[in-house]
K.L.:
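Below you will find the structure I want to go over with you.
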Amino acid sequence: MSEPTAAPRLPPYAAQFAAVWSFAEIQEVMRSPDFHQGGFQESLMFLGDTILMVDGKTHLDRKMVFAPLFSKEAMAYYEARLLEPTIAEVMAELGAQHGPDGLARTDLVPLIRVMLHRISARIVGVDGVDTPVRTERFRQLLSALVEAAPVEWSTRNKQEVIAEGLATLNALVAEYLRPSLDRRRGLVRQFREGTLTKEELPRDVLTMICLEGTDAVDQSGGTDGYVWRECSFFLIASTQTTMHSLPHIIVHLADWVARHPEDAARIGETGFLRRAVGESMRLHQTAPARFRVATRDLVLSTGRRVAKGETLALVAPTANLETGVFGADAAEFNPWRETPAGLQPWGLSFGTGVHMCCGRLLVTGQPNRADAEGGGSEGTMIKILKVLYAKGVELDPEDPPRRMSTSFHDTFESVPVILRRL
Ligand code: HEM
């Protein structure tokens with residue numbers, strides 16, 4: 001087990017638990033049936049009984065409920081019918097914003113956020129994200145919710161963040177989620193009466209919940225209901241993660257190509273971008289730590305004793321830099337790094353074991369088909385990167401990227417860019 005010589009400072013929320021730094025131990029804990037989900041105790045009002053937080057049979061059942069959203073066929077559908085048109089639509093809207101010098105400038109963070117909000121609305125089944133006014137309102141609500149729900153990592157006053165999040169959830173439910181749920185209830189009723197086929201039903205989180213029959217909500221207008229929490233989780237899981245990860249790739253590649261001009265021509269190639277995505281995701285994770293609680297007294301294969309009920313903070317961002325796993329230069333970005341046998345290029349960034357990310361294929365695509373046949377699935381990251389590089393994206397030398405200041409998330413709040421070919 002390799003312990004870092006100078007342990008990185010953990011955010012206060014994680015520092016209250018025993019920290020696990022090693023890649024092998026984190027893998028062992030995440031894959032063990034003797035640990036349950038932990039953490040997010042301050043976010044239970046947003047995430048409490050969602051798929052991420054439940055365990056055992058309830059978790060397996062929940063995975064089955066949402067499995068149709070993550071089948072290979074669903075991925076192919078999302079890619080062709082959702083990702084490509086949405087990215088093209090957002091880029092076309094941006095086309096008008098040229099400055100006096102004739103160059104198109106934008107900020108990657110809000111640009112990517114708009115793309116992802118439209119995509120996640122479709123995955124969750126949020127209707128009415130259509131007119132510019134309704135899209136903008138949805139964007140505002142979702143941005144606030146995404147900031148509020150993982151309150152553990154906030155550097156702001158947590159009570160304030162929670163209060164803002166609850167007010168946002170209230171508005172999101174009233175303006176978008178409740179009407180969307182009502183429509184799906186009607187459709188599922190028609191399906192049960194035999195006037196609609198299963199294929200005619202929307203394929204989204206809300207419909208899956210209606211089909212399962214766990215859609216009971218407080219009719220008096222309150223927001224305490226499993227369905228709202230699951231929708232909130234999926235909205236967060238499908239936006240904040242990619243939003244936090246994608247700008248890192250552009251920042252790393254700008255630096256890489258400056259030092260390795262021989263790779264400049266590869267910047268639009270699927271295979272090269274796939275390597276860059278995997279490598280950047282290894283270096284930057286979407287949470288400073290994950291948590292697990294032991295369900296019995298036990299001893300890990302490394303000899304670490306864990307008491308029943310003890311919470312471990314799994315510091316996966318540090319484990320992903322372990323030189324014994326990824327090589328002597330593990331802390332560096334190198335798209336040509338060989339992935340160690342039996343691992344994924346992103347290491348632990350999508351988790352492992354039963355709670356491993358369901359949306360992974362949507363994000364990373366399916367390598368073999370895309371590379372070998374040219375037509376398979378590339379995933380959200382590569383699709384967006386290809387469009388941006390085709391438009392000549394470059395970091396704005398006058399305005400460097402700014403790190404996020406309101407939370408411990410490893411991400412940027414602003415990445416100003418020039419699009420030379422827009
Ligand atoms: C860069 C993109 C993403 C990253 C890095 C990421 C990362 C993760 C990680 C690390 C977990 C496991 C958490 C744990 O073990 O405690 C997870 C779970 C999950 N993710 Fe993602 N995710 C991403 C995108 C998505 C997308 C696009 C979706 C949905 C469309 C999604 C849906 C989920 C769901 C439903 C779970 C819970 C799985 C379970 O508990 O069984 N994720 N994600």
Side-chain angles (χ1 to χ4, degrees), residues 14 26-27 29-32 35-40 43 47 49-56 58-71 74-75 78-79 82-83 112 115-117 119-125 146 150 152 203-205 208-209 229-249 277-278 280-293 311-317 319-320 344-365 379-385 409-411:
I26 293 177
Q27 241 184 356
V29 171
M30 283 188 162
R31 291 176 179 176
S32 163
F35 286 90
H36 279 177
Q37 264 293 3
F40 292 113
S43 317
L47 306 175
D49 45 1
T50 61
I51 182 169
L52 180 73
M53 297 303 291
V54 293
D55 280 285
T58 315
H59 178 247
L60 284 181
D61 291 347
R62 203 63 66 74
K63 280 184 95 157
M64 292 301 288
V65 168
F66 297 118
L69 303 183
F70 299 107
S71 66
M75 291 299 138
Y78 287 143
E79 185 138 326
L82 183 54
L83 285 183
I112 294 169
M115 292 175 180
L116 293 172
H117 282 182
I119 293 166
S120 73
R122 285 280 297 278
I123 291 174
V124 172
V146 153
E152 282 75 8
R203 197 184 285 209
D204 51 43
V205 171
M208 299 304 137
I209 291 176
R229 284 187 288 277
E230 197 70 271
C231 285
S232 299
F233 170 64
F234 269 90
L235 285 171
I236 295 163
S238 58
T239 52
Q240 192 208 33
T241 49
T242 308
M243 216 165 76
H244 281 187
S245 308
L246 217 149
H248 281 298
I249 307 169
V277 167
S280 177
M281 290 194 63
R282 180 180 67 80
L283 295 174
H284 305 282
Q285 296 196 27
T286 52
R290 307 270 166 196
F291 303 92
R292 293 294 189 270
V293 182
T311 299
L312 299 180
L314 310 178
V315 196
N320 261 5
Q344 294 283 10
W346 45 81
L348 295 165
S349 294
F350 285 103
T352 182
V354 288
H355 284 285
M356 193 172 82
C357 180
C358 299
R360 207 264 290 159
L361 288 182
L362 183 64
V363 179
T364 62
T380 320
M381 296 279 201
I382 292 179
K383 284 270 181 245
I384 297 179
L385 288 168
H409 284 111
D410 171 11
T411 191

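In each ligand, atom 1 is the first atom listed, and ligand 1 is the first ligand listed.
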K.L.:
Looking only at protein heavy atoms, which one is nearest to atom 25 (C) of ligand 1, and what is the separation?
P.N.:
Ala237 O, 3.2 Å
K.L.:
So which bit of Phe234 gets within less than 4.0 Å of ligand 1, heavy atoms only: side chain, backbone, both or neither?
P.N.:
side chain
K.L.:
Compare Gly38, Ser238, Cys358, Ala287 and give the one whose heavy atom is closest to atom 30 (C) of ligand 1.
P.N.:
Ser238
K.L.:
Does only the side chain of Val363 get under 4.0 Å from ligand 1, or the backbone, or both, or neither? Count heavy atoms.
P.N.:
side chain
K.L.:
Atom NE2 of His59 and atom CG of Asp61: how far apart are they, to the nearest 0.5 Å?
P.N.:
10.5 Å
K.L.:
Which residue supplies the protein heavy atom nearest to atom 4 (C) of ligand 1, what is that atom called, and how far is it?
P.N.:
Phe350 CE2, 3.4 Å
K.L.:
Any idea which of Gly379, Cys357, Ser245 brings a heavy atom closest to atom 18 (C) of ligand 1?
P.N.:
Cys357
K.L.:
Is the closest heavy atom of Phe233 to ligand 1 under 4.0 Å?
P.N.:
yes
K.L.:
Nearest protein heavy-atom contact for atom 28 (C) of ligand 1: which residue, which atom, what distance?
P.N.:
Gly359 CA, 3.6 Å
K.L.:
Which ligand 1 atoms are under 4.0 Å away from a heavy-atom of Gly351?
P.N.:
10 (C)
K.L.:
List ligand 1 atoms under 4.0 Å from Thr242, heavy atoms only on the residue side.
P.N.:
1 (C), 2 (C)
K.L.:
Which of the atoms of ligand 1 are close to Thr286, meaning less than 4.0 Å from one of its heavy atoms?
P.N.:
5 (C)
K.L.:
On a heavy-atom basis, I'd like to know which of Arg360, Gln37, His355 is closest to atom 16 (O) of ligand 1.
P.N.:
Gln37
K.L.:
Within less than 4.0 angstrom of ligand 1, does Gln285 place any heavy atom?
P.N.:
no
K.L.:
Give a yes-or-no answer on whether the side chains of Arg31 and Thr352 include a donor-acceptor pair shorter than 3.5 Å.
P.N.:
yes
K.L.:
Please report which non-hydrogen protein atom sits nearest to atom 7 (C) of ligand 1, along with the residue it belongs to and the distance in Å to one decimal place.
P.N.:
Ser349 O, 3.5 Å
K.L.:
Nearest to atom 15 (O) of ligand 1, what protein heavy atom do you find, and at what distance?
P.N.:
Arg292 NH2, 2.7 Å
K.L.:
To which of Thr241, Leu235, Thr50 does the heavy atom nearest atom 3 (C) of ligand 1 belong?
P.N.:
Thr241
K.L.:
In terms of relative ring orientation, are Phe70 and Phe234 parallel, tilted or perpendicular, with 30° and 60° separating the classes?
P.N.:
parallel
K.L.:
Nearest to atom 41 (O) of ligand 1 by heavy atom, Met243, His59, Lys63: which?
P.N.:
His59
K.L.:
Give the contacting part of Val354 toward ligand 1: side chain, backbone, both or neither, where contact means a heavy-atom distance below 4.0 Å.
P.N.:
backbone
K.L.:
Answer with side chain, backbone, both or neither: which part of His244 has a heavy atom less than 4.0 angstrom from an atom of ligand 1?
P.N.:
neither
